[in-house]
Amino acid sequence: MKIATWNVNSLRQRLAHLLDWLKLVEPDVVGLQELKLQDEQFPFAELEAAGYHAVCNGQKSYNGVGIIARHPITDVSRDMGGFDDQQKRVIAATVNGVRVVNAYVVNGQSVASPKFEYKLRWLGAFKDYLTDELGGGAPVAVTGDFNIAPTPEDTHDAGYWAGKILCSDAERAAFRGLLELGLTDSFDKLVAPSGRFTWWDYRMGAFRRNLGLRIDHVLLSQPLAQRCASWHVDTAPRRLERPSDHAPVVAELGT
DNA sequence: ATGGTCGTTATACGA
């Protein structure tokens, strides 16, 4: 079973990339982020033709998340109950007995920004939300653009990124707090041929120079973590013309 | 590496 996450940075711009990638890789479940479209614009027909069920929580211009899967998708939940948020960042659903939670975590802009306060509040709410989902009895897979590089090694230049947005102590502590709920970072099963970065800035030729960060993650609750055999980044879509600035991450689970 | 690019019912702002 392949569980993937991919920030596509506009699904309308990236639909061909996604469809080609699905055909090649055949993931069972994919959490998609930054759809940048409304629900009625979601390409359900194209994905169905590709063999995928789909659910989404869309928003005009910004944010927006979706889950696509080869098995039927049930028990769809949108947003975090109890957290008043105008931004569409969370969708959860059950796929083949697995509770899939897919999130587009707040970027935060800079640690001095009011958006950083929002990011930390949001992460606090997300921890509570995951606590509830983990108590639901089903194994849980959390996919998403977390906008957090968990360790200095998850950056191309630890000195440059020290204390900056995506790498601050507060963000990293929040990420560890999620793991402490009983989730394992599937990155622990990194396979040797894969690099670890999942995002490269569009500017400065950052991808060509491999100036990246690891900010997209697949976290697994215990029964799934035990089955996780490998983690890798697929950089092929990042090499295409007009790519997303993120590459898909794939966690593969055995039986 | 502080510039440089993308995306969006845009022409500023978010990432």
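Fair warning: this is a prediction, and the values are worked out from it, not measured in the lab. Naming convention: chains lettered A, B, ... in sequence-line order (proteins, then strands); numbering from 1 in each chain.
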Checklist entry - How do A:R209 and A:Q13 order along DNA chain B: which one's closest nucleotide is nearer the 5' end? => result A:R209
Checklist entry - Quick one: what's the B/S/- string for nucleotides 9-15 of chain B, heavy-atom cutoff under 4.0 Å, read 5' to 3'? => result B----SB
Next on the checklist: Running the 4.5 Å side-chain criterion over Ile, Leu, Val, Met, Phe, Trp and Tyr, what cluster does A:L22 land in, apart from itself?
Outcome noted: A:W6, A:V8, A:L11, A:L15, A:L18, A:L19, A:W21, A:L24, A:V25, A:V30, A:L32, A:L35, A:L37, A:F42, A:F44, A:L47, A:Y52, A:I68, A:V250
Next on the checklist: So that I can tick it off, tell me whether A:E171 and A:K119 are bridged by a salt bridge, with the cut-off set at under 4.0 angstrom between side-chain N and carboxylate O.
Outcome noted: yes
Checklist entry - Would you call A:R214 and A:D185 a salt bridge, using N to O less than 4.0 angstrom? => result yes
Checklist entry - If only side-chain N and O atoms of A:R14 are considered, is one of them under 4.0 Å from the OP1 or OP2 phosphate oxygen of B:dG7? => result yes
Checklist entry - Is the closest side-chain donor-acceptor distance between A:D188 and A:W231 under 3.5 Å? => result no
Item to check | Set of residues satisfying side-chain contact (heavy atoms from CB on, under 4.5 Å) with respect to A:D128, sequence neighbours excluded | outcome: none
